[in-house]
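Please read these numbers as outputs of a predicted model, since none were measured by experiment.
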Amino acid sequence: MKINQFDPYLTRDEISSVMEVLRDNWITEGKKTEEFKKMLQDYCGVKYAILLPNGTLALYVGLMILGIGPGDEVIVPDFTFAGSATAVVLTGAKPVFADVNLHDFNLDIGSLQKCISARTKAIMPVHIYGQSAEMDKVLRIARTHRLKVIEDAAQGIGVSFGNRHVGSLGDVGILSFYADKTITTAEGGALLTNSRFLAEECIYLRNQGRLSRGSFIHPKMGYNFRFTDLQAALGVAQMRKLSFIIEKKLHIEGYYKQFLKEAEEVRSPEVTTHGKRVPFRINILVKDPKGLGGFLQKKGIGVRRFFYPLHRQPCFNKENCIRLTSYPHSDEIFASGLSLPSGVRLTKKQIRQICDQIK
């Protein structure tokens, strides 16, 4: 058998949407970009959604417009993709790695509090694997210490904390539309905010120091972090089927749990009740993920290990980050975690075959 770890869910809808842009002969930011932005604003319940080239740049821009820079510290969970922390380094500030919970892999509140110093300027909760961090506690701590909050919701479209979409609760939040995300524009990201001031600062930064195109007067320093209508065309088509994609992901997760329920050596991460969740990955916890992963790969089943903890990453050192003395939870999660195939086109038969191989 040959089953990929993940495939984007693209159909004739995306082809038709992209062809519409090509026929219109306007491939930079245009009508589709505006349509995609409006769909994101309405879906996420925010006043402003600004499109950017990718999720890491969206984090960088978000940090910059919050005034983060050299000498500052930003608290980042240790268990996340490296881009969460490299965005901080790019501003000249230092990421401070906090441990995570064992039950849902999100930012551990006790560890977060230990990381706060006189230099701390912001907290970056990451809504990992499609489950919300404890945003009520994060926001309470941020208010107490007068800290900014930038939500990394790269994996979080469709996810909520209570009745609010993740990315809409902090000062700013970001989404990613990379090929393996719930919806994709190939590459791409978005910054979400309810602040007109921050939205305008973001536009200045992404649009070479201008609020609009067509002018050669640049009131502020800025860069070219713009989007294209070709990407937005993919995004519009993907947004129209988002509810279907989420429903399919939940069904796929249900089949895995059904077929693995008698496999005593296989555990599933805990499901939290903070709000709506989306199973971004199908994850299991086992004693030897490296061995099981290698076995499944030989059978033609695509799998992926969990994120390598940030405190272990070779790119981070005492010059560009701050570590605690240990990260027992982050280390334990990595040591037992494996991501299984989770593409929307997976069939019940394929999932049963995968689970039979695991057992």
Side-chain angles (χ1 to χ4, degrees), residues 13-69 83 87 90-92 148 150-151 153-154 157 167-168 170-179 181 183-240 242:
D13 299 330
E14 285 74 18
I15 295 171
S16 175
S17 190
V18 170
M19 288 301 296
E20 184 182 340
V21 171
L22 294 175
R23 283 192 294 267
D24 286 347
N25 202 32
W26 188 283
I27 59 176
T28 56
E29 290 185 336
K31 291 187 297 183
K32 287 291 185 186
T33 301
E34 290 302 313
E35 185 179 0
F36 187 35
K37 281 168 48 180
K38 181 67 165 57
M39 293 172 91
L40 290 172
Q41 288 166 187
D42 291 346
Y43 187 83
C44 298
V46 292
K47 293 180 180 178
Y48 307 98
I50 299 100
L51 297 170
L52 290 147
N54 56 64
T56 303
L57 266 179
L59 283 172
Y60 166 70
V61 170
L63 291 162
M64 290 292 288
I65 63 177
L66 291 176
I68 306 300
L90 198 58
T91 69
K148 301 295 185 181
I150 176 168
E151 296 177 73
I157 194 159
S168 72
D171 296 279
V172 297
I174 72 100
L175 301 171
S176 172
F177 309 121
Y178 183 63
K181 297 302 188 287
I183 65 167
T184 183
T185 59
E187 285 279 7
L191 183 140
L192 310 176
T193 186
N194 286 305
S195 164
R196 179 177 177 178
F197 170 77
L198 292 176
E200 289 189 351
E201 289 298 297
C202 178
I203 294 168
Y204 277 121
L205 197 57
R206 73 182 286 279
N207 192 40
Q208 296 181 318
R210 306 166 298 181
L211 286 177
S212 59
R213 295 177 310 209
S215 169
F216 296 120
I217 299 173
H218 304 259
K220 296 191 177 189
M221 285 296 297
Y223 309 96
N224 181 1
F225 294 157
R226 294 188 293 266
F227 212 61
T228 73
D229 252 27
L230 291 169
Q231 293 166 282
L234 288 172
V236 168
Q238 290 270 285
M239 282 296 291
R240 288 173 179 160
L242 176 55

Does [Y] offer a backbone N or O that forms a donor-acceptor pair with the side chain of [X] under 3.5 Å?
X      : Y      : answer
Gln231 : Glu187 : yes
Asn54  : Thr56  : yes
Asn194 : Lys47  : yes
Asp229 : Gly30  : yes

Separation of [Y] [atom2] from [X] [atom1] (nearest 0.5 Å):
X      : Y      : atom1 : atom2 : answer
Leu192 : Gln41  : CG    : CD    : 9.0 Å
Ile15  : Leu234 : CD1   : CG    : 10.0 Å
Leu63  : Leu90  : CG    : CG    : 9.5 Å

Problem set entry | Polar contact flag, side-chain donor to acceptor under 3.5 angstrom, Glu14-Gln238 | yes
Problem set entry | Heavy atoms from other residues, nucleotides or ligands near OH of Tyr48 exceed 12 (cutoff 6.0 Å) | yes
Exercise. Does NZ in Lys148 sit with more than 12 non-hydrogen atoms of other residues, nucleotides or ligands closer than 6.0 Å?
Worked result: no
For this session: Apply side-chain contact (heavy atoms from CB on, under 4.5 Å) to Leu22 and Ile27, showing your working.
Result: CA-CA 7 Å; Leu22 294 175; Ile27 59 176; 4.2 Å; yes
Exercise. With Lys31, which of Asp24, Val236, Val21 fulfils side chain to side chain contact (heavy atoms under 4.5 Å, CB included)?
Worked result: Asp24
Problem set entry | side-chain contact (heavy atoms from CB on, under 4.5 Å) between Leu191 and Ile65, intermediate numbers included | CA-CA 11 Å; Leu191 183 140; Ile65 63 177; 4.1 Å; yes
Pairwise side-chain contact, [X] with [Y], heavy-atom cut-off 4.5 Å (strictly under):
X      : Y      : value
Glu34  : Lys37  : yes
Lys181 : Ile157 : no
Leu175 : Cys44  : yes
Leu198 : Leu66  : yes
Leu230 : Val18  : yes

For this session: Could you walk me through whether Leu211 and Tyr204 pass the side-chain contact (heavy atoms from CB on, under 4.5 Å) test, one step at a time?
Result: CA-CA 6 Å; Leu211 286 177; Tyr204 277 121; 3.5 Å; yes
For this session: Determine the minimum heavy-atom distance between Ala87 and Leu59, stating which atoms define it.
Result: CB-CB, 3.6 Å
Exercise. How far apart are the closest heavy atoms of Pro219 and Gly209, and which atoms are they?
Worked result: CD-O, 2.9 Å
For this session: Applying side-chain contact (heavy atoms from CB on, under 4.5 Å), run through Leu40 and Leu51 and close with a yes or a no.
Result: CA-CA 10 Å; Leu40 290 172; Leu51 297 170; 3.8 Å; yes
For this session: Would you mind listing every salt bridge (charged side-chain N to carboxylate O under 4.0 Å, His left out) that reaches into residues 205-223, with sequence neighbours excluded?
Result: Glu29-Arg206, Glu201-Lys220
Exercise. What's the verdict on ring-ring contact (aromatic ring centres under 6.0 Å, His included) for Phe36 and Phe177, showing C-alpha distance, side-chain angles and the deciding distance?
Worked result: CA-CA 12 Å; Phe36 187 35; Phe177 309 121; 5.3 Å; yes
Exercise. Between Arg240 and Asp13, does at least one N-O distance fall below 4.0 Å, as a salt bridge requires?
Worked result: no
Exercise. In terms of the angle between their ring planes, are Tyr60 and Phe225 parallel, tilted or perpendicular, with boundaries placed at 30° and 60°?
Worked result: perpendicular
For this session: Have a look at Arg226 and tell me which of Asn207, Thr33, Thr28 forms a side-chain hydrogen bond (donor to acceptor under 3.5 Å, both in side chains) with it.
Result: Asn207
